Every structure is written in structure tokens, then in C-alpha cells.
Visitor: 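Dropping the structure in here first, questions after.
All figures in this text were calculated on a predicted structure; none of them were measured in a lab. In the text below, chain A, chain B and the rest are named by the order of the sequence lines, each starting its count at 1.
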Protein chains: 2
Amino acid sequence: MQRTYQPNTYIIREGELLQRHCAFIISGFAIRQKLTNVGARQIVSMHLPGDLLDLQHLYLNYADHNVQALTLMEAAEIGRPALRRLVLRNPRVATAMWIDALVDSSISREWLLNVGQRDARGRIAHLLCEFAARMTAAGMASDSGYELPMTQEQIGDAVGLTAVHVNRTIKALKAENLITRDKRHLHFHDIEGIRAIAGFSSLYLHLDQITTDPEDRPGDERGA
Amino acid sequence: MQRTYQPNTYIIREGELLQRHCAFIISGFAIRQKLTNVGARQIVSMHLPGDLLDLQHLYLNYADHNVQALTLMEAAEIGRPALRRLVLRNPRVATAMWIDALVDSSISREWLLNVGQRDARGRIAHLLCEFAARMTAAGMASDSGYELPMTQEQIGDAVGLTAVHVNRTIKALKAENLITRDKRHLHFHDIEGIRAIAGFSSLYLHLDQITTDPEDRPGDERGA
DNA sequence: CGCCGGTTTGAGTCACTTCAACGACAGTGG
DNA sequence: CCACTGTCGTTGAAGTGACTCAAACCGGCG
């Protein structure tokens with residue numbers, strides 16, 4: 001069951017009783033976000049084509065965050081009961097789902113570290129590095145950089161800064177000749193410099209354990 | 001296999017190749033934390049008796065964060081292969097593990113919101129509320145409050161603030177007659193007031209889906 | 001008693017926010 | 001074809017919440 005979502009459409013809303021389905025992104029980008037009681041928004045993760053969208057809710061009764069299309073997005077939907085049965089009966093799928101869910105958690109932890117402990121330069125640089133690594137893994141980055149489909153406001157909501165301050169920080173990074181941004185296209189001039197500012201290490205992405213298609217992972221259901 | 005850990009002992013270190021075991025907390029508290037390249041520490045989660053300690057690493061090759069005993073702690077250890085087999089063969093256990101892992105993720109997301117979007121008062125108040133809710137669920141809170149086994153420095157590392165500022169903020173909360181702290185014991189005088197400051201809602205803890213013992217959950221492997 | 005980890009307090013500074021306005025650009029409709 | 005509108009990016013000026021540095025205090029313990 002394929003579906004198209006317009007930018008900014010809500011796919012799941014916090015508090016909602018979950019009964020419908022999980023989705024797999026075919027094209028476009030999605031984010032997951034939460035709001036405080038006073039309406040401040042925190043983007044808690046970003047998803048690109050190939051990602052499972054709400055695996056995080058597979059066994060939960062109520063949605064604890066919002067899921068929203070960031071750009072125009074196509075997704076394939078899988079019924080919850082069907083996916084659960086698949087997970088229970090097929091060890092390969094189960095393992096792949098576990099890895100996907102655990103990597104997702106690992107990324108949240110890194111984001112928490114990012115937002116809690118780094119300054120503005122570090123946070124933004126880290127976001128750019130992570131996105132570069134994930135886009136590269138997904139085959140969506142070129143030598144000249146990649147398309148970062150976010151406004152400065154959204155970047156701010158992802159790293160816990162104001163849009164204004166994101167603007168000034170990016171301006172500073174450009175001034176130091178580390179990056180250039182031409183519309184939505186981002187280019188690194190000094191990737192090592194950016195990595196140093198970010199304190200970036202890709203360990204937490206567990207890239208060695210990711211394959212695009214869960215079906216073609218080698219049999220790793222045999223245990224340790 | 002039962003083991004005792006002294007306060008501050010590392011149980012798992014970031015970057016480590018994981019081969020040994022998972023642990024279940026019998027008594028005491030543990031934290032999980034990460035460090036930036038410049039040595040700043042972020043506590044990414046806290047665990048109390050009954051929690052599974054490193055389920056987050058069950059299917060991953062390398063540890064992406066540190067796990068450390070916060071107090072004197074006793075844990076029961078389960079071999080990784082044994083637990084994986086159990087998960088694959090027993091749908092009830094599998095479901096319970098999924099729920100545990102997903103709730104853990106949900107908590108990270110809430111922490112990200114907390115650190116990214118709330119001010120010092122809100123962050124600390126939120127931490128106190130969450131801990132109250134979890135301690136109550138674990139039967140470890142009394143009417144008079146609960147034991148919060150953290151120094152102000154650790155609270156700071158959990159919410160992304162300096163120990164000094166945590167001190168001043170707690171002082172302010174005390175001055176407003178919202179809480180009192182006597183050594184490690186914390187008492188709420190105005191729980192509703194604290195909840196309001198925190199913007200706390202326990203939805204994200206998914207308390208309706210938690211049981212202390214994975215074995216006695218009702219059969220919910222039947223799908224949606 | 002003297003040390004030590006943790007808490008408390010003060011003074012000065014700075015990174016980030018807030019508010020506000022303006023410019024660039026794309027889409028829309030007359 | 002151009003005026004109208006809305007979104008996004010950019011910039012300035014002023015305010016403030018949290019940090020830094022540093023010192024003193026406190027209770028527990030060997």
C-alpha cells in the first residue's frame with residue numbers, strides 16, 4: 001500500500017491510539033518531533049529513504065511523539081499485525097528490526113549528547129556530519145555534498161537553538177571557509193575541520209550493521 | 001549469575017566489542033552516559049531495580065555508550081546468546097523485550113525534548129517528576145517522597161546544566177516551597193506546582209505496558 | 001583532627017535569545 | 001506582466017539565563 005504525503009503533513013500524532021500501520025520511506029524525508037506544554041518544538045530524529053518510519057511504535061499502545069513529512073514523501077505501508085507476525089515468525093526480519101530500532105535509539109542518545117553538551121558550532125557541525133554519513137550510506141550524497149532538506153528553523157529545532165542563532169553560526173562556518181550552502185545544497189570544503197568542530201565519530205551509527213533492504217542481510221540470527 | 005558492582009564502576013565502555021552478557025538490576029541504580037571529544041559528560045538514562053541494563057546493545061557489535069553503576073548495585077547477568085535465543089523462541093519474552101526497548105527509546109526522546117527546549121527550572125522539575133513516576137511504579141517511593149541517588153553534578157550532567165546552576169535552581173525551588181531535600185531524600189510539597197513547571201505528562205513512560213517481571217505479562221503476542 | 005566529596009555562595013562574563021525589521025525569492029491571481 | 005503574499009534567510013541592538021572562576025562551608029570518615 002503506497003502513499004504520498006505533502007510536506008508538513010502529520011503521519012502520526014502524539015497521544016494517538018496506534019492501530020494502523022508502520023511505514024517504510026520510498027522517497028523524501030520525514031522527521032519525528034515532540035512539543036513542550038508551552039509549544040516549543042524539538043525534532044527528535046530525521047529519516048531518509050530506506051528508513052522504517054514508526055518501528056518505534058510497533059509494540060506501544062499510544063504514540064509518544066509526532067511523525068511528520070519533511071518534504072514530499074512516498075511511503076509503503078505495512079499493517080501492524082502483519083509486521084508483528086513477521087517479526088515473530090521470521091528470525092532474520094526480527095534481527096533486522098531489532099538492529100534498526102537499536103540504531104535509532106543510539107542516534108537519539110548521540111543527539112542528547114549533542115544538544116546537552118556541545119556549543120552551537122559543535123551542534124550544527126555534528127548534525128551536518130551525521131547527515132553526510134547517513135546520506136552517503138544511502139547513496140544520496142555526491143562529492144560536491146548533498147541536499148539538506150531543512151530550513152534554518154528546523155535545524156534549530158533539531159539542535160535546540162534559535163533560527164536566528166543557527167543563521168549566525170552557519171554564517172561563521174561559511175566565513176571560515178568550512179562549508180558553503182547554495183540554496184538547499186550543502187558542500188564541505190574542509191570535512192576534517194568540520195569533524196573536529198563536531199567531535200564526530202560515526203561509531204554510534206553502527207554502519208557496519210546496516211543494509212538498505214532487511215531481506216538481504218546475511219543470516220545473523222544465529223546468536224553471538 | 002549474580003554480581004555486585006561498587007559505585008561508579010564501569011559495566012560497559014563505549015567502543016567495546018560486545019560479547020558477554022546483558023544484566024538485570026536487582027538492587028541499586030545505574031546510569032548510561034556518553035562523553036564528547038572534549039570530555040563533557042551527558043547522562044543519557046537512569047536505571048532502577050527491575051530494569052534491563054543493556055538491552056540496547058543486544059544486537060549491536062560495538063557499545064555506543066558507557067554503562068556505569070551509580071550506587072552499590074547488584075545485577076543478574078544473562079548471556080547474550082541465551083537471551084537472543086529466548087527472544088527468538090518465546091514470543092512473550094520477545095514482546096516484553098520490545099516493549100522495554102521501545103519505552104527506553106521513548107524516554108530518550110523525552111530527555112532530548114527536556115534538554116533541548118526547557119529552561120533550567122523546567123529541566124530539573126521534569127527529571128524529578130520522571131523519577132517520581134518511575135520510583136512509584138517500582139514501588140520505591142513513599143508518601144514522603146523518595147531517595148534520589150544523585151549528586152547535583154550528576155543531575156547537571158543529566159539535564160545539560162552546570163552543577164552550580166543546578167544548585168541555584170534547586171535552591172529557588174525550595175525557596176518557593178515546592179520541594180525540600182534532606183540529604184538524598186526528596187520531598188514534594190506541591191507536586192502539581194512542580195508538574196506545571198516541568199510540563200510533565202507521564203504518557204511517554206507507557207506505564208500501562210510495563211510489568212516488573214517479563215514472565216507474568218499477559219499474552220499480547222497476538223498482534224493488534 | 002584533618003581530609004574529602006559534595007554543597008553553597010558571590011562576582012563577573014559570555015553565548016545565546018528576543019524583538020524587530022528588511023531583503024530575496026517563488027507562487028498566485030488579476 | 002506585474003502587484004500581492006508568504007516563506008525563508010539575514011542583520012542589528014539589547015537583554016538575560018546560564019557559565020566560569022574562586023572561595024567557603026559542611027558532614028562523614030579514617
Side-chain angles (χ1 to χ4, degrees), chain A residues 6-9 31 36 38-43 68-72 114-128 147-175 179-186 197, chain B residues 6-9 31 36 38-43 68-72 114-127 147-176 179-186 197:
Chain A
Q6 293 301 311
N8 302 317
T9 330
I31 56 167
T36 63
V38 297
R41 177 173 76 157
Q42 176 69 41
I43 294 179
Q68 211 177 354
L70 182 60
T71 62
L72 184 65
N114 199 35
V115 171
Q117 305 297 331
R118 285 193 259 261
D119 64 7
R121 281 161 64 84
R123 288 187 214 181
I124 291 173
H126 195 278
L127 182 78
L128 300 181
E147 295 298 312
L148 178 67
M150 299 174 86
T151 66
Q152 296 183 347
E153 171 129 40
Q154 289 161 343
I155 295 174
D157 286 346
V159 298
L161 295 169
T162 321
V164 173
H165 200 59
V166 169
N167 184 292
R168 291 196 239 264
T169 308
I170 289 180
K171 184 183 169 192
L173 294 175
K174 284 190 212 156
I179 59 170
T180 43
R181 201 174 184 206
D182 169 26
K183 213 163 144 42
R184 290 287 149 91
H185 190 84
L186 186 87
I197 290 168
Chain B
Q6 292 301 311
N8 300 318
T9 331
I31 56 166
T36 64
V38 296
R41 178 173 76 159
Q42 176 69 41
I43 294 179
Q68 211 177 354
L70 182 59
T71 61
L72 182 65
N114 199 35
V115 172
Q117 306 296 334
R118 286 193 260 259
D119 64 8
R121 282 161 65 83
R123 289 188 213 179
I124 291 174
H126 195 278
L127 182 78
E147 296 298 311
L148 178 67
M150 299 175 86
T151 66
Q152 294 182 350
E153 171 127 43
Q154 289 162 343
I155 294 173
D157 286 347
V159 298
L161 295 169
T162 321
V164 173
H165 201 58
V166 169
N167 184 290
R168 291 196 238 264
T169 309
I170 289 180
K171 183 184 167 191
L173 294 176
K174 282 189 213 158
E176 290 171 62
I179 58 169
T180 43
R181 201 175 182 203
D182 168 26
K183 212 165 147 37
R184 289 289 148 87
H185 190 85
L186 186 88
I197 290 168

Visitor: Within the 4.5 Å heavy-atom criterion, are B/T151 and B/R184 side-chain neighbours or not?
Guide: yes
Visitor: Given atom CD of A/E153 and atom C1' of D/dG9, what is their separation to the nearest angstrom?
Guide: 11 Å
Visitor: Heavy atoms under 4.0 Å is the rule here; annotate nucleotides 13-30 of chain D 5' to 3' with B where the base is hit, S where only the sugar-phosphate is, and - elsewhere.
Guide: B----BSBB---------
Visitor: Nearest whole angstrom, please: distance from the C1' of C/dC16 to the CG of A/N167.
Guide: 14 Å
Visitor: Specify the separation, in whole Å, of atom CG of B/D182 and atom P of C/dT8.
Guide: 11 Å
Visitor: Is there a side-chain polar atom (N or O) of B/Q152 under 4.0 Å from OP1 or OP2 of C/dG5?
Guide: no
Visitor: It should be established whether B/K171 places a side-chain nitrogen or oxygen under 4.0 Å from OP1 or OP2 of nucleotide C/dT8.
Guide: no
Visitor: Please report the distance, rounded to the nearest Å, between CG in B/N8 and P in C/dG5.
Guide: 11 Å
Visitor: Between CD1 of B/I179 and CG of B/L173, what distance do you get to the nearest 0.5 Å?
Guide: 5.0 Å
Visitor: Does B/K174 place a side-chain N or O at less than 4.0 Å from the phosphate oxygens OP1/OP2 of C/dT8?
Guide: yes
Visitor: Look up atom CG in B/N8 and atom CG in B/L72, then write down how far apart they are to the nearest 0.5 Å.
Guide: 11.0 Å
Visitor: Please state how far atom CD1 in A/I170 lies from atom P in D/dG9, giving the value in whole angstrom units.
Guide: 8 Å
Visitor: Using the test side-chain hydrogen bond (donor to acceptor under 3.5 Å, both in side chains), find all partners of B/R118 that sit at least two apart in sequence or belong to another chain.
Guide: B/E110, B/N114, B/H126
Visitor: Please set out all donor-acceptor pairs under 3.5 angstrom arising from side-chain atoms of residues 159-169 of chain A, sequence neighbours excluded.
Guide:
from   : atom 1 : to     : atom 2 : distance (Å)
A/N167 : ND2    : A/Q152 : OE1    : 2.9
A/T169 : OG1    : A/H165 : O      : 2.7

Visitor: On a heavy-atom basis, which atom in A/R181 and which in A/L148 lie closest, and how many Å separate them?
Guide: NH2-O, 3.2 Å
